[in-house]
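We're numbering straight along the sequence, starting at 1.
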Amino acid sequence: MNTEMAYLLGMIAGNGEIHRGDTETSISIEIPHKKLKTEDFHDIALYVKASISDIRNILEPLLGSDLCFIQNKAETIISFVKKNTEYIIREILRYIGSAVSHNNMRVHEDVFCFTNDEKKQFLRGFADVTGYIRRSNYFFDKYMHRVYLEVPHNWEMVIDICNILKDLDIPVQNIDWAHPNMRDGNAIKYNNGNYNFWKKEHQIKIWANEFLPIGFGVIHKQQALEMYSDELISGLKRKNIDVEKKTHIFYWEGALKRKIKPNHPAENDSSLPNEIKGKHFDSWKEIAEEMGYGK
């Protein structure tokens, strides 16, 4: 393993699609633009296009061939095709198993044996295609900025990513689960006929300053991370709050605060994992512990 391969695996796990043929395998990775403009009104597509040269410098020597990229208004898609007999394809397929999409992929157990630098690169690749940070991502106080990692449908991937972060001593501030008790706690949407309102992406939320050791390879995301991390730290210091004591805390180290929620008709929905199907939860932390993110 090396850091370049770890970065590529992170991108595939985050937003990759795999198309297996008899003799060749095609892999495409989507980088969503999320917003058409950055906070300082620069076009995100231009920033991503500029970042592609850095991504190429990382991946093309690894692949031994050029990357293709297609850019439109909503996303940039990078892709490559290799023969099934080539070592890199055999290695990628070993790590992703039978998965054909990030939606049904797991983090291979060997990733947890990577060096810390390799784990950081894996998470950076993952964050480049799933993560974003913007001014609206604050928590109560407007300087308490957070990185969001969005994971559609894949419950196990959320836990895998949280546990790699834990290995690197990076706490998760919150997980906004796509669960009826979390997304429609009082069943208001459900009772109004919007039965699937809660079936959205999961969001892993991390304090901006805590995410700095990982960072982003996409230019505009890294610039925003550094700016908002500085704002978070400055805001806490103005209030004489110890930064580390405020942000460097895992959920099991603090008090469990929860608001009791009524039972929801969708708690037994077929889309929920077997580990939690039919169970009621009042806090995201209860789901995290049940799914395997903990001490």
Side-chain angles (χ1 to χ4, degrees), residues 6-17 29-35 44 48 51 55 75-76 99 101-108 111-112 114 118-139 144-179 182-183 199-226 228-229 232 247-251 284-285 287-288 291-293:
Y7 179 78
L8 174 59
L9 289 172
M11 295 185 87
I12 294 171
N15 220 353
E17 301 286 337
I29 302 164
E30 180 182 312
I31 305 175
H33 296 169
K34 196 65 181 179
K35 291 175 68 181
I44 281 180
V48 174
S51 301
I55 293 171
E75 73 272 324
T76 295
S101 166
H102 58 97
N103 288 326
N104 66 345
M105 208 173 290
R106 289 295 304 268
V107 173
H108 193 281
V111 175
F112 292 92
F114 284 2
E118 290 163 355
K119 287 177 182 176
K120 287 177 182 178
Q121 285 301 314
F122 179 92
L123 289 172
R124 177 176 289 193
F126 189 88
D128 275 352
V129 299
T130 67
Y132 62 96
I133 178 168
R134 53 189 178 184
R135 190 165 293 281
S136 59
N137 293 357
Y138 64 85
F139 182 72
M144 294 299 290
H145 301 295
R146 300 174 293 179
V147 170
Y148 285 22
L149 305 178
E150 293 191 344
V151 182
H153 316 303
N154 194 331
W155 290 79
E156 290 79 11
M157 182 64 74
V158 174
I159 297 302
D160 290 342
I161 294 301
C162 290
N163 282 326
I164 298 174
L165 287 164
K166 183 183 71 172
D167 285 352
L168 296 169
D169 195 33
I170 297 174
V172 169
Q173 185 267 332
N174 181 280
I175 303 172
D176 191 3
W177 293 105
H179 188 281
M182 303 298 111
R183 290 283 174 80
K199 294 183 181 180
K200 299 180 180 180
E201 74 286 342
H202 311 290
Q203 293 178 334
I204 305 169
K205 302 179 182 181
I206 305 149
W207 295 121
N209 62 314
E210 297 289 342
F211 199 73
L212 281 173
I214 306 301
F216 294 101
V218 175
I219 294 170
H220 77 276
K221 294 182 180 183
Q222 181 63 21
Q223 289 179 341
L225 174 65
E226 292 171 2
Y228 290 137
S229 178
L232 185 155
T247 67
H248 194 76
I249 182 170
F250 291 88
Y251 79 82
W284 72 268
K285 299 176 182 180
I287 298 177
M291 290 294 296
Y293 172 48

Considering residues at least two apart in sequence or located in another chain, which fulfil the salt bridge (Lys or Arg N to Asp or Glu O under 4.0 Å) criterion with [X]?
| X | result |
| --- | --- |
| Lys285 | none |
| Lys120 | none |
| Asp169 | none |

For the side chain of [X] and the backbone of [Y], is there at least one donor-acceptor N/O pair under 3.5 Å apart?
| X | Y | result |
| --- | --- | --- |
| Asp128 | Gly217 | yes |
| Lys119 | Leu168 | no |
| Asn15 | Glu30 | yes |
| Asn154 | Met105 | yes |
| Glu210 | His248 | yes |
| His202 | Ala178 | yes |

Test side chain to side chain contact (heavy atoms under 4.5 Å, CB included) applied to [X] - qualifying residues, sequence neighbours left out:
| X | value |
| --- | --- |
| Gln173 | Phe139, Arg146, Lys205, Trp207 |
| Ala288 | Ile175, Trp177, Tyr251, Trp284, Tyr293 |
| Asp160 | Arg106, Val107, Phe112 |

Subject >> Smallest separation among heavy atoms of Leu149 and Gly131, with atom names >> reply: CD2-CA, 3.7 Å
Original post:
Among side-chain atoms of Ser101 and Glu17, is any donor-acceptor pair under 3.5 angstrom?
Top reply: yes
Original post:
Picking from Thr76, Ile55, Ile12, what satisfies side-chain contact (heavy atoms from CB on, under 4.5 Å) with Ile29?
Top reply: Ile12
**OP:** If the plane angle is over 60° it's perpendicular, under 30° parallel, otherwise tilted; pick one for Phe211 and Phe216.
**Re:** tilted
Original post:
Nearest 0.5 Å, what's the CG-CG distance between Asn209 and Leu225?
Top reply: 9.0 Å
Original post:
Going through the distances and angles, do Ile287 and Met182 end up as a side chain to side chain contact (heavy atoms under 4.5 Å, CB included)?
Top reply: CA-CA 10 Å; Ile287 298 177; Met182 303 298 111; 3.9 Å; yes
